[in-house]
Amino acid sequence: MLQKPKTYFNWSSGKDSALALYHLQQQNQYQIDCLLTTVNSHYDRVSMHGLRKTVLEAQAEAIGIPLDILEVPESPSMEEYGALMGIKIDQLKSEGYTHTAFGDIFLEDLKVYREKMLSSVGIQTLFPIWKRDTQELLREFFALGFKAVIVCINNSKLDASFLGKELSSELIGKFPKDVDPCGENGEFHTFCFDGPIFNHPVLYELGETIFRTYDNPSDKQHPIKFGFCDVLLKGVVN
């Protein structure tokens, strides 16, 4: 019997990752035994999503796939990030990994960057939900029984009322017309807490909401403001 390629999954903790992992598992062609997530070591939270590392660990435990963490400093440059990722990939290669997967949908530049970087070190890339219609993806997400909550918003695209809300067809219908249903342009990020890839749901409760302002590389005069809704493990001292 041929051995399945050893594959690590680039896990964001959100809905796109969850659906992409589901499809990869359904294909049954790859040995997926690692979830790789980037965590900001200053905040001890998932980069971009702002999810606590403790909640990320509970999520991985509920899925039943071991978690590997790439720790990065508070505001890493592209060079710093690339160097740290290079060290992590070397480690994974030494452990026998030959393939990796992403939940990207249609950001062409990002896909090309990932493919170029990883092919240069002998890692093959997989994009299980690439070029799928985002409305169709969400319909499938709900039909399969996945559940997710919005934990981060770009405040120039969505207002604070969407933070902490469970994703639903009704909620998506309230999005402004320029917001992609899957937030593929960075309009929002989610925490997926239940669905067919989970052995059991992650029980959570919502904490405080905070806003942070970041420099905008494309428009120095207008910084970007993001809102984050804290997620806490239910019944646990976080």
Side-chain angles (χ1 to χ4, degrees), residues 7-30 32 35-38 46-51 59 63 65 99-119 124-159 161-198 201-202 218 224 226-227 229:
T7 304
Y8 67 93
F9 192 97
N10 292 271
W11 180 254
S12 72
S13 74
K15 59 178 174 32
D16 299 341
S17 277
L19 193 54
L21 177 58
Y22 168 82
H23 279 286
L24 210 55
Q25 289 177 328
Q26 292 301 111
Q27 290 176 24
N28 198 29
Q29 296 176 8
Y30 304 93
I32 310 158
L35 301 178
L36 177 63
T37 305
T38 302
V46 176
S47 297
M48 293 306 298
H49 289 223
L51 190 73
Q59 185 188 49
I63 293 169
I65 299 178
H99 290 63
T100 188
F102 298 88
D104 297 328
I105 304 173
F106 58 68
L107 297 181
E108 193 74 47
D109 291 350
L110 184 58
K111 182 173 184 284
V112 169
Y113 168 77
R114 297 196 200 284
E115 290 173 329
K116 184 177 179 181
M117 180 184 72
L118 290 160
S119 65
Q124 294 188 48
T125 51
L126 306 166
F127 298 86
I129 57 174
W130 182 248
K131 289 296 186 183
R132 291 277 305 276
D133 177 81
T134 49
Q135 289 276 12
E136 177 193 319
L137 277 176
L138 277 180
R139 285 194 292 270
E140 180 181 38
F141 184 83
F142 298 135
L144 288 168
F146 278 108
K147 296 180 180 179
V149 60
I150 296 178
V151 294
C152 173
I153 57 163
N154 179 334
N155 203 215
S156 69
K157 298 295 184 179
L158 288 173
D159 65 56
S161 67
F162 289 95
L163 273 173
K165 296 289 179 63
E166 186 174 329
L167 210 58
S168 66
S169 297
E170 182 183 5
L171 187 69
I172 292 161
K174 297 177 182 177
F175 285 175
K177 290 184 179 178
D178 63 344
V179 171
D180 180 77
C182 282
E184 184 69 350
N185 297 306
E187 298 98 329
F188 67 95
H189 298 289
T190 60
F191 160 58
C192 188
F193 61 91
D194 198 8
I197 63 172
F198 289 81
V202 181
S218 60
I224 305 173
F226 285 93
C229 182

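- For Phe141, the ring pair (Phe, Tyr, Trp, His ring centres under 6.0 Å) partners at least two apart in sequence or on another chain are Phe146.
- Between Ile150 and Leu171 the shortest side-chain heavy-atom distance falls below 4.5 Å.
- Contact check for Leu167 versus Leu138: side-chain heavy atoms found under the 4.5 Å cut-off.
- Note that CG of Asp16 and CD of Glu184 are 6.0 Å apart. Values are rounded to the nearest 0.5 Å.
- Looking at every heavy atom in both residues, Ala20 comes nearest to Phe102 through CB-O, 4.0 Å.
- Here the straight-line distance linking atom OG of Ser17 with atom CG of Leu35 works out to 8.5 Å at 0.5 Å rounding.
- Checked by atom type and distance alone, the side chain of Lys165 pairs as donor or acceptor with a backbone atom of Ser161 at under 3.5 Å.
- To the nearest 0.5 Å, atom CZ of residue Phe127 and atom CG of residue Leu107 are 10.5 Å apart.
- In this structure, Lys15 contributes its side chain and Cys182 its backbone to a donor-acceptor pair below 3.5 Å.
- Applying the 6.0 Å contact sphere to CG of Asp109 captures no more than 12 heavy atoms from other residues, nucleotides or ligands.
- Relative orientation of the Phe162 and Phe175 rings is perpendicular, given thresholds of 30° and 60° on the angle between their planes.
- Between Lys111 and Phe106 there is no side-chain heavy-atom pair separated by less than 4.5 Å.
- Between Leu158 and Pro176, the closest heavy-atom pair is CD2-CD, 3.5 Å.
- Within the 4.5 Å cutoff, no side-chain heavy atoms of Thr37 are placed close to those of Ser13.
- A heavy-atom distance below 4.5 Å is not found between the side chains of Phe9 and Ile65.
- Val46 places none of its side-chain heavy atoms less than 4.5 Å from the side chain of Phe191.
- Annotation: the span from Leu144 atom CG to Leu19 atom CG amounts to 6.5 Å, rounded to 0.5 Å.
- Across every non-hydrogen atom of Pro181 and Thr134, the tightest pair is CD-OG1, 3.6 Å.
- What you find for Cys152 and Phe226 is that their closest heavy atoms are SG-CD2, 3.9 Å.
- Heavy-atom minimum distance, Gln59 versus Val202: CA-CG2, 3.7 Å.
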If you apply the rule side-chain contact (heavy atoms from CB on, under 4.5 Å), what do you find for Ile224 with Asn155, and how did you get there?
CA-CA 8 Å; Ile224 305 173; Asn155 203 215; over 6 Å; no
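- In the model, His23 has a side-chain atom that pairs as donor or acceptor with a side-chain atom of Glu140 under 3.5 Å.
- Atoms NE2 and SG, on His189 and Cys229 in that order, are 14.5 Å from each other to the nearest 0.5 Å.
- Atom NZ of Lys116 has 12 or fewer neighbouring heavy atoms from other residues, nucleotides or ligands inside a 6.0 Å radius.
- Looking at heavy atoms from C-beta onward, His49 lies in side-chain contact with Ser12 at the 4.5 angstrom threshold.
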Verdict with supporting geometry, Glu187 and Asp178, side-chain contact (heavy atoms from CB on, under 4.5 Å)
CA-CA 9 Å; Glu187 298 98 329; Asp178 63 344; over 6 Å; no
Would Ile105 and Asp180 count as a side-chain contact (heavy atoms from CB on, under 4.5 Å) if you check the C-alpha gap in whole Å, the side-chain angles of each, and the deciding distance to 0.1 Å?
CA-CA 11 Å; Ile105 304 173; Asp180 180 77; 5.7 Å; no
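- Side-chain contact check for Leu36 versus Thr100: every heavy-atom pair is 4.5 Å or farther apart.
- In this structure, Gln27 places its CD atom where more than 12 heavy-atom neighbours from other residues, nucleotides or ligands lie under 6.0 Å away.
- The structure places NZ of Lys147 at 11.5 Å from CZ of Phe198, a figure rounded to the nearest 0.5 Å.
- For the residue pair Ala101 and Thr7, the shortest heavy atom distance occurs at N-CG2, 4.4 Å.
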